[in-house]
Amino acid sequence: MTEGNISELPWWKKTTVYQIYPRSFLDSSGDGIGDLNGILSKLDYLKDLGIETIWISPFFVSPTWKPYQQHDCGYDITDYRNVNPEYGSHETADLLIKEIHDRDMKIVLDMVLNHTSIEHEWFKESRSSRANPKRDWYIWRDGKKPGGKKPPNNWRAMIMGSPWHYDRRTNQWYYAAFLKFQPDLNYRNPEVQQEILDTLRFWLKKGVDGFRLDIINALFEDAEFRDAPFTPKLFSGDLDVLFKSSRMNLNHPDTIEFCKKLRTTIDEFDDPSRFMVGEIIASLPTIKRFLGEDADGLNLAFLFKSLDVPLNAQKVRRLIESYEEHLPDPFLPTWVFGNHDRFRRISKLNGSVEKAKLNAALQLTARGVPFIYYGEEIGMEQADVNVTESLDPLARHFRRIPSFVHSLLEKHKQSIIRDGCRTPMQWNDTENAGFSEAGVKTWLPVSPSYKKRNVLAQEKDPDSLLHCYRRFLRIRRETPALHSGNLRIIPPNEVPKDILSYVRSLNDEGREQQLHVLLNFSSETVDFISPLKNPELLTSTTIRSNPLHENGEIVLTPWEGIVLKGESEYILLK
Ligand code: GLC
């Protein structure tokens with residue numbers, strides 16, 4: 001935002017989001033599985049941390065029965081309007097919405113619109129016969145001749161391999177952009193669109209403040225099911241892989257158009273306004289198309305480039321520049337360093353708490369909406385899970401991949417075994433880390449690091465990562481230039497080599513507010529002269545030392561990040 005009245009900005013542009021994976025947050029019932037009551041009991045913790053919006057991964061009904069028992073832990077829904085009994089009931093969900101609002105926070109649900117579970121009644125009906133009224137709710141095609149025993153076309157699933165699955169009952173193939181047990185809904189069918197839009201309305205009427213939309217760029221496919229064309233690209237940000245374009249089944253123009261319909265639907269509810277954030281694994285120009293030329297599509301989209309950005313001043317500067325270039329105001333970037341699918345960020349930083357603090361400083365001071373994944377605030381690490389022990393269907397899907405590939409991925413801090421980032425939240429150092437009562441077998445093992453890395457221990461240490469998050473979240477919340485201002489990068493030749501500095505500024509009804517962020521991306525202490533008049537330290541990643549010296553010097557300890565308030569343009573090299 002450049003000028004104007006800050007209070008007119010919708011709340012979601014200024015917010016900070018915390019993602020809860022309900023299975024892993026807190027088990028209140030003693031069955032080893034996290035639940036909604038568990039979340040309820042920790043709302044004060046989140047409020048106190050400074051979180052403004054809570055996104056909860058799906059807690060709707062999904063199979064608790066074999067063979068599809070919690071196959072994708074909620075990303076395989078059998079009933080969009082009810083709560084999985086493992087997590088609670090409608091009453092608990094209503095209470096959760098109320099209690100979150102009572103604390104002046106917002107709640108965002110995770111909607112899996114692209115596909116259902118193979119166990120959904122709709123799919124069971126659909127697959128039962130070609131004449132069933134629900135047949136056309138999913139995507140069915142004849143196979144290729146001769147005999148129809150070959151997939152209908154050459155498309156690729158998002159997880160590689162063919163997205164087509166043969167069903168003997170009716171001698172046709174159904175389409176699944178993700179895993180086989182997650183058949184895609186047919187969005188070319190107006191009944192499906194109606195049902196899904198009404199489902200969103202159902203939850204909006206209950207008061208939820210927005211939705212996270214799962215693989216939203218996969219909704220529509222080519223209407224004529226034409227083969228994917230050749231592309232000269234070996235790999236592209238839009239998931240073109242091995243010279244095959246993805247444009248027939250991903251990022252389809254009709255999906256982009258449908259996002260506007262989603263927007264119109266959620267905008268029916270405007271007191272308060274609601275928002276959607278889309279999961280779109282694509283290049284920045286493609287992502288921008290989903291937000292709409294007139295910002296009339298999805299409100300936000302996850303940007304995943306940050307997941308792997310090295311903590312290096314130049315690389316981070318380039319990343320910010322690319323976000324600023326592609327998503328200028330009124331568009332807004334997002335800052336994501338982890339989620340329930342990705343290798344935990346701190347483990348990419350070799351477990352270093354100092355680096356994790358700097359990372360948090362970047363996330364909470366750059367322009368954009370930050371998304372914090374549960375446990376990130378205490379430095380929870382990626383757990384080592386063997387493919388044979390994994391509960392993750394993606395890992396099982398890739399189980400035949402030779403172990404050296406897993407090792408190679410591991411070396412590059414990536415994993416297709418997603419259990420490693422979903423281990424139980426570490427609340428204290430008692431058995432089961434306070435997630436479940438002692439003696440209970442938790443659904444995934446608690447990471448051994450809980451003895452040292454837990455909420456209770458970090459509450460007691462004012463220089464902990466947890467307190468660092470708390471400080472930065474507070475000044476972000478309280479400082480309009482930080483949550484709503486412009487961002488200008490100080491040219492690299494005006495600051496020492498490993499320092500990244502940017503100014504966040506805001507003109508709110510004629511009052512100019514300017515903040516200076518300085519991040520030291522090195523393991524060395526860096527000192528330099530600041531021409532800032534009367535600089536005032538708003539916060540730092542560490543409380544060990546004062547970076548502002550009386551002679552005008554700024555001294556940043558290794559991996560330190562600070563926010564300053566001060567008059568005048570600066571910065572000069574020493
Ligand atoms: C998204 C979710 C992931 C899920 C997949 C299929 O990528 O984040 O957890 O497995 O979609 O729904």
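Given the structure is predicted, the values throughout are model-derived calculations rather than measurements. Excluded from the calculations below are hydrogen atoms, water molecules and symmetry mates; all remaining heavy atoms, backbone and side chain alike, are included. Just follow the structure's listing: the first ligand is 1, and inside any ligand the first atom is 1.
The existence of a salt bridge linking D341 and R418 is confirmed by a sub-4.0 Å separation between a basic side-chain nitrogen and an acidic carboxylate oxygen. Remark: R188 engages D254 in a salt bridge, criterion side-chain N to carboxylate O under 4.0 Å.
Classified by interplanar angle (parallel below 30°, tilted 30° to 60°, perpendicular above 60°), the ring pair Y21/H340 is parallel.
In this structure, atom 7 (O) of ligand 1 lies nearest to the protein heavy atom E279 OE2, 2.9 Å. Scanning all protein heavy atoms for the shortest distance to atom 10 (O) of ligand 1 gives D72 OD2, 2.5 Å. Nearest protein heavy-atom neighbour of atom 8 (O) of ligand 1: D341 OD2, 2.5 Å. What sits closest to atom 12 (O) of ligand 1 on the protein, heavy atoms only, is D214 OD2, 2.7 Å. Looking only at protein heavy atoms, the nearest one to atom 6 (C) of ligand 1 is F178 CD2, 3.5 Å.
Using a 4.0 Å cut-off to heavy atoms of H115, the atoms of ligand 1 that qualify are 6 (C), 12 (O). Heavy-atom contacts of R418 reach the following atoms of ligand 1: 3 (C), 4 (C), 9 (O), 10 (O) (cutoff under 4.0 Å).
Y166 is linked by a ring pair (Phe, Tyr, Trp, His ring centres under 6.0 Å) to W173, counting only residues two or more places apart in sequence or in another chain. In this view, E191 satisfies the salt bridge (Lys or Arg N to Asp or Glu O under 4.0 Å) rule with no residue, not counting sequence neighbours.
At distances below 3.5 Å, at least one donor-acceptor pair connects side-chain atoms of H90 with backbone N or O atoms of R81.
Residue contacts with ligand 1 do not include H71, since none of its heavy atoms lies under 4.0 Å from the ligand.
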